[in-house]
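Worksheet: the structure to be examined is printed underneath.
First the proteins, then the strands, lettered A, B, ... as listed; each starts at 1.
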Amino acid sequence: MLTIALPDGSRRECQVGVSAHDVAMDIGPGLARAALVAEIDGELWDLHAPLPDKGEVHLRLLTKADSESLQVLRHSCAHVMAQAVMRLHEGVQLAFGPATETGFYYDFHLDCPLTEDDFPKIEVEMRKIVKENAPFERIDVPRAEALALCKELGQNLKVEHIETGLADQQTLSFYRQGEFIDLCRGRHVPTTGHLGKGFKLLSLAGAYWKGDAAREQLQRLYATVFFDKKELAAYLDRLEQARRRDHRVLGKKLELFEIDDRVGSGLVLWKPRGAVVREELQNFILYHLKRQGYSQVFTPHVGKLELYRTSGHFPYYQDSQFPPLIDRDSLRRLADEGCSCSELANLLNDGEIDGYLLKPMNCPHHIRIFASEKRSYRDLPVRLAEFGTVYRWEQSGELGGLTRVRGFTQDDAHLFVTEEQLPAEIAGCLELVKIVLGTLGMENYRIRLGLRDPDGQKYVGEPQQWEQAEAACKQAVEALGVDFSAEPGEAAFYGPKIDFVVRDVIGREWQLGTVQVDYQLPQRFALQYTGSDNRPHCPVMVHRAPFGSMERFVGVLIEHFAGAFPLWLAPEQLRLLTVSDRSESYGRQVEKRLRDAEFRIATDYRGQKLGAKIREAQLDLVPYMLVVGEKDVEKGTVSVRDRIDGDLGAMPVDEAIAKLRAEIAAKTVRQVASGEP
RNA sequence: GCUGCUGUAGCUCAGUGGUAGAGCACUUCCUUGGUAAGGAAGAGGUCAUGAGUUCAAGUCUCAUCAGCAGCUCCA
C-alpha cells in the first residue's frame, strides 16, 4: 500500500501500480485533464508513470498554472521538433535539446545546412505530430542496453555522452513518442497533443558539441512554446517592443553614435548628441570623485611593450590585443635578416625587440604615476582617476553596438592603499557604484563576486594574499546589502573582483561597474611606500570603474530609458515651438534667455502647424516643449508641454526656467522603459 | 574565430537576368495654423567592395568587408 499526501493536507491510500494520473482522475476528471506533470516529494514525475510501491509520498499535480510545467512543456516540444527534423532529413544525429528561460533549443548534426526556409516545413510536421497525440513513454534500461540501443539507432553523440558524461549511471532512461526515441532524463507531458499550437521556431545558430570550440559544430534550432497561441503572440510582441528599444536602432534614430566601416568595426564615433550624454555622466561621476578624494590624471593611449610584459597583460592577453607597434627601422632590419613572422612573434614575446602597445588597460600608466614620487603611509590612499581609453581586439563575432567594442573608455581609477585601509576603500568603491545605479533608476542588477578557481592555472600570487583579498571583498559585498553570488573561476588573473551585472530590457545581462582587488601588480612593479615603522611596504591596489565602459554603459542606458533620457541627460532638453510667424521674434528673445540659462535648446520656427511640430518633438523624445504664440507674446509667458504629461499651461519664462533647473539639479528620473522581456 | 542569414536613397524596405522603385526624412514654394501628421513641386543611387558566368547582372557564382542571431572567448 502507498499513502499519498496531497498539498491540501489530505491523505489517500492507493493500490500498488497506480499513477499520478489515476490519483487525479480519482479527485476529478477536470484536474486529470489539466494536469501536465506530477511532483513526488519535490521531484518531477511523469503523470502516467507508476508511483512508488509503498511508504508515504507527497504528491503535487502540476497544471499550466505552475511555473515548473512550462519548462516540461518546452522540453517535450524540443523532442517533437527533433522528431519533425528527423522525419524531414536523413542521418540526423541528436545532441542536446533543453528548455531555456524563454523557450528551448535542440542541437543537431546533419549533413545539409538548415535555413530559415525550413522553418515552415518543420512547423507543419510538428503540428502533425501534435495531432497524432502520441504518448511520451519512459523506458528505463540498464547501461549496457542503453549503449547498444544508441549504437543501433546510429546516435554516436549519445553513445559518446553515455561513455563520458554519464559514466557513473547504471540505469539510463529513454523517452519515446511515435517512432522517435531519445536518450533523456525527462520529464515530459503525457502526450504530444498537450503541446497545442503555441509554438514557433525562432532562429538558427551554430553551437559546439559540449561547448568545446575544438569539437565539431552542430546546428542549433531555437524555438519557443507557450500553453496557448495568445501567450505566444504576447511573447513575440514583447520581443518586437524590445527590438524597438534596441540601442543600435535608437542610437541611429536619435543621432547618438555611429559605427562606420571606413573607421573600423567596433570603433565608436560619438556624435554630438551622444557626446552630451557621455559628458553629463562623466561630470556627474567627477563630482562624486572629488568628494571621495580622488585625483584626476591623464595618460597617453600607448605604452612600451615592456611595460605590459611587467604587468603581465602582454603575455596573458596577447590574442585580444591590437598587434604591437614596431618602428620601421627595426622591421626593415629584421626583414633584411630574413626574419619570419613567427620569429618576429617570438622576439616580441622574449623581449628581444621592443615596441609599443595600444593600451589594453590603464593600470600600468597609473602605477608609474604612483611610482614617480617617494610615498609615505601618510600619503595613502592615493586615488588616481582617469577616463582612459583602452583597446582590445575582440573576436569579430562578438562585436555589436556599443556593448562589445574594440576601443572604449573606462571611468577608471586605481587606489593605492595600505592593508588596513583596504576594507574601507572597497566599501567606498561599492558605495559609488550604488549611487550611480541608484541615481539612474537602474534597480535590476546583481553582484557577481568573482573568486579564484581552486584548480585554475591562470592566477598569479600567493594563496594567502588571495584569501585575504577574497575575504575583504566578501565582507564589503555583504555589508552593502545587495544580492550577490560567489562565482569561483571568475576572478581576474591578479585578484578577485566584484562585478555589477545589470539586466537589460531584452533580458540580457551586462557587466557594468566593477571593483577589483590586486596584490599582484604592485609587487610586479615593486611599488613601495614608507610605513610608520620607517620600513618599505608594498601597497595594495584597487581597480574600479563604476560605469565600466562609457560605451557599454550608455548603450545599456539608452535601452533602459528607451531613448527618453531624463532632463539632466537629454541631448536636447527643450524645444521651442512657435505657433506662427507672428510669434517668432518673441520666440527668439525667449530662446536667448534659455540659452543664457544654459539649457540645451533647439528651436522650430518653421511655417508648420503647431500639431506637426509637437509630433516631431514627441518622436524625437525631447523632454519639454516650450510653445510660444501670440497670447504668450502679450503676457510674457511660455506654454510648457511635458513629453509625458502633455500641456502644463502658460507660465512666466522665469518660472519655467526655475522649474526646469530644479528638475536638472535633482537628476529626477521620471520614466524608464518597462522591465521584463 | 566558428555556423547560418543579410547588405538597394539619410532611414525603413519593395524589386521576375533586359530603362533604379515606394513611404518617411530633406530642399523650395504655397499655407499663419494654440498642443501628435496642411498642400504642391523638386532633389537625392558606382544597388557594400572585387572578380567571374552571360549578348546582357541589383538579380546567378566565388572571394573580401560589414551587420544580425547564436556558439566560443572576455584583463
Using whole Å, report how far [atom1] of [X] lies from [atom2] of [N].
{"X": "A:Glu490", "N": "B:rA75", "atom1": "CD", "atom2": "P", "answer": "8 Å"}
{"X": "A:Leu521", "N": "B:rA75", "atom1": "CG", "atom2": "C1'", "answer": "10 Å"}
{"X": "A:Gln516", "N": "B:rC74", "atom1": "CD", "atom2": "P", "answer": "14 Å"}
{"X": "A:Tyr105", "N": "B:rC71", "atom1": "OH", "atom2": "C1'", "answer": "10 Å"}

If I pick the [atom1] atom on [M] and the same atom on [N], what distance separates them, to the nearest angstrom?
{"N": "B:rG21", "M": "B:rU28", "atom1": "C1'", "value": "24 Å"}
{"N": "B:rU49", "M": "B:rC11", "atom1": "P", "value": "15 Å"}
{"N": "B:rG45", "M": "B:rA9", "atom1": "P", "value": "11 Å"}
{"N": "B:rG70", "M": "B:rU64", "atom1": "P", "value": "24 Å"}
{"N": "B:rA22", "M": "B:rU32", "atom1": "P", "value": "31 Å"}
{"N": "B:rC47", "M": "B:rG42", "atom1": "C1'", "value": "23 Å"}
{"N": "B:rG23", "M": "B:rA37", "atom1": "C1'", "value": "14 Å"}
{"N": "B:rA69", "M": "B:rU59", "atom1": "P", "value": "26 Å"}

Report, one pair per line, the protein and nucleotides 32-42 of chain B atoms (nitrogen or oxygen only) whose separation is under 3.5 Å.
| from | atom 1 | to | atom 2 | distance (Å) |
| --- | --- | --- | --- | --- |
| B:rU32 | O2' | A:Arg582 | NH1 | 3.2 |
| B:rU32 | O2' | A:Arg582 | NH2 | 3.0 |
| B:rU32 | O2 | A:Asp581 | N | 2.8 |
| B:rU32 | N3 | A:Asp581 | OD1 | 3.4 |
| B:rU32 | N3 | A:Asp581 | OD2 | 2.7 |
| B:rU32 | O4 | A:Asp581 | OD2 | 2.4 |
| B:rG33 | N7 | A:Val579 | O | 2.5 |
| B:rG34 | O6 | A:Gly629 | O | 3.4 |
| B:rG34 | O6 | A:Glu630 | N | 2.8 |
| B:rG34 | O6 | A:Lys631 | N | 2.5 |
| B:rG34 | N1 | A:Asp632 | OD2 | 2.8 |
| B:rG34 | N2 | A:Asp632 | OD2 | 3.2 |
| B:rG34 | N2 | A:Ser639 | OG | 2.5 |
| B:rU35 | O2' | A:Arg641 | NH1 | 3.0 |
| B:rU35 | O2 | A:Arg641 | NH1 | 3.2 |
| B:rU35 | O4 | A:Ser639 | OG | 3.4 |
| B:rA36 | N6 | A:Gln618 | NE2 | 3.0 |
| B:rA37 | N7 | A:Arg615 | NE | 3.3 |
| B:rA37 | N6 | A:Arg615 | NH2 | 2.5 |
| B:rA37 | N1 | A:Arg615 | NH1 | 3.1 |
| B:rA37 | N1 | A:Arg615 | NH2 | 3.3 |
| B:rA37 | N3 | A:Arg615 | NH1 | 3.2 |
| B:rG38 | N7 | A:Gln608 | OE1 | 3.2 |

My understanding is that only one of A:Tyr308, A:Tyr356, A:Phe314, A:Trp393 makes a ring pair (Phe, Tyr, Trp, His ring centres under 6.0 Å) with A:Phe322; could you say which?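 Result for ring pair (Phe, Tyr, Trp, His ring centres under 6.0 Å) with A:Phe322: A:Trp393.
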
Main-chain N/O of [Y] paired with [X] side-chain donor or acceptor, under 3.5 Å:
{"X": "A:Arg245", "Y": "A:Leu250", "value": "no"}
{"X": "A:Arg74", "Y": "A:Glu101", "value": "yes"}
{"X": "A:Glu386", "Y": "A:Thr299", "value": "yes"}

Any donor-acceptor pair, under 3.5 Å, between the side chain of [X] and the base of [N], if you only look at N and O atoms?
{"X": "A:Arg404", "N": "B:rC74", "answer": "yes"}
{"X": "A:Tyr222", "N": "B:rG4", "answer": "no"}
{"X": "A:Ser320", "N": "B:rA75", "answer": "yes"}

Determine: side-chain N/O of A:Arg220 to OP1/OP2 of B:rU3, distance under 4.0 Å, yes or no.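 So the side chain of A:Arg220 is outside the cut-off, no N or O lying under 4.0 Å from OP1 or OP2 of B:rU3.
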
Taking 4.0 Å as the cut-off, does a side-chain nitrogen or oxygen of A:Arg248 come that near to OP1 or OP2 on B:rA69?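 Checking B:rA69 against A:Arg248, a side-chain N or O does come within under 4.0 Å of OP1 or OP2.
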
Going by side-chain contact (heavy atoms from CB on, under 4.5 Å), name the residues that satisfy it together with [X], two or more places apart in sequence or in a different chain.
{"X": "A:Arg588", "answer": "A:Glu584, A:Glu591, A:Tyr605"}
{"X": "A:Leu236", "answer": "A:Lys200, A:Leu202, A:Leu232, A:Leu239"}
{"X": "A:Ala345", "answer": "none"}
{"X": "A:Leu201", "answer": "A:Met81, A:Phe119, A:Ile122, A:Glu123, A:Met126, A:Leu221, A:Ala223"}

Counting a pair only when it is Watson-Crick or G-U and both distances are under 3.5 Å, which runs of at least 3 such pairs involve RNA chain B?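 So far as stems of 3 or more pairs are concerned, RNA chain B shows B:1-7 with B:65-71, B:10-13 with B:21-24, B:26-30 with B:38-42, B:48-52 with B:60-64.
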
At a cut-off of 3.5 Å, list every protein nitrogen or oxygen paired with a nitrogen or oxygen from nucleotides 63-66 of chain B, distance to 0.1 Å.
| from | atom 1 | to | atom 2 | distance (Å) |
| --- | --- | --- | --- | --- |
| B:rA66 | O2' | A:Asp261 | OD1 | 3.0 |

Using the side-chain hydrogen bond (donor to acceptor under 3.5 Å, both in side chains) criterion, which residues pair with A:Tyr519? Sequence neighbours excluded.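 Partners of A:Tyr519 by the side-chain hydrogen bond (donor to acceptor under 3.5 Å, both in side chains) criterion, ordered by chain and then number, come out as A:Glu419, A:Gln468.
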
Quick one: side-chain hydrogen bond (donor to acceptor under 3.5 Å, both in side chains) partners of A:Gln465, sequence neighbours excluded?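 Per chain and number, A:Gln465 pairs via side-chain hydrogen bond (donor to acceptor under 3.5 Å, both in side chains) with no residue.
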
For the pair A:Phe493 and A:Tyr316, name the ring-plane relationship: parallel under 30°, tilted 30 to 60°, perpendicular over 60°.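 Rings of A:Phe493 and A:Tyr316: parallel, under 30°.
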
If you look at every strand shown and take non-hydrogen atoms under 4.0 Å, does A:Gln395 touch a base, only sugar-phosphate, or nothing?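 Counting heavy atoms under 4.0 Å across all strands, the contact made by A:Gln395 includes a base.
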
Is A:Gly211 touching bases, backbone alone, or none of the nucleic acid, heavy atoms closer than 4.0 Å?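 Sugar-phosphate contact only - A:Gly211 comes under 4.0 Å of backbone atoms but never of a base.
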
Atom pairs under 3.5 Å, N or O on each side, protein against nucleotides 44-49 of chain B: can you list them with distances?
none

Candidates A:Thr514, A:Val433, A:Val517, A:Val477 - the one meeting side-chain contact (heavy atoms from CB on, under 4.5 Å) with A:Ile498: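 Only one option passes, and that is A:Val477.
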
Under the criterion side chain to side chain donor-acceptor pair (under 3.5 Å), I'd like the reasoning laid out for A:Arg552 against A:Gln511: C-alpha separation, chi angles, the key distance, then a yes or no. CA-CA 9 Å; A:Arg552 174 177 292 181; A:Gln511 184 209 304; 5.3 Å; no

By salt bridge (Lys or Arg N to Asp or Glu O under 4.0 Å) - contacts of A:Arg582 (at least two apart):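 For A:Arg582, the residues satisfying salt bridge (Lys or Arg N to Asp or Glu O under 4.0 Å) (neighbours in sequence not counted) are A:Glu630.
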
Toward the 5' end of RNA chain B, by each residue's nearest nucleotide, A:Gly401 or A:Leu218: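 On the 5' side of the pair lies A:Leu218.
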
Looking at A:Glu306 and A:Arg309, does any basic side-chain N land under 4.0 Å from a carboxylate oxygen?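 Here A:Glu306 pairs with A:Arg309 in a salt bridge, since their nearest N and O are under 4.0 Å apart.
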
Examine A:Phe108 together with A:His89 and report whether their ring centres are nearer than 6.0 Å.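 Judged by ring-centre distance (under 6.0 Å), A:Phe108 and A:His89 do not meet the cut-off.
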
Flag the pair A:His414 / A:Phe370 as yes when their ring centroid distance falls below 6.0 Å, and as no otherwise.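 Ring centroids of A:His414 and A:Phe370 are no less than 6.0 Å from each other.
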
Residues A:Arg446, A:Glu487; criterion salt bridge (Lys or Arg N to Asp or Glu O under 4.0 Å); working and verdict: CA-CA 13 Å; A:Arg446 65 187 178 92; A:Glu487 299 188 14; 3.5 Å; yes

Under 3.5 Å, which protein N or O atoms sit close to an N or O of nucleotides 9-16 of chain B? Give each pair with its distance.
none

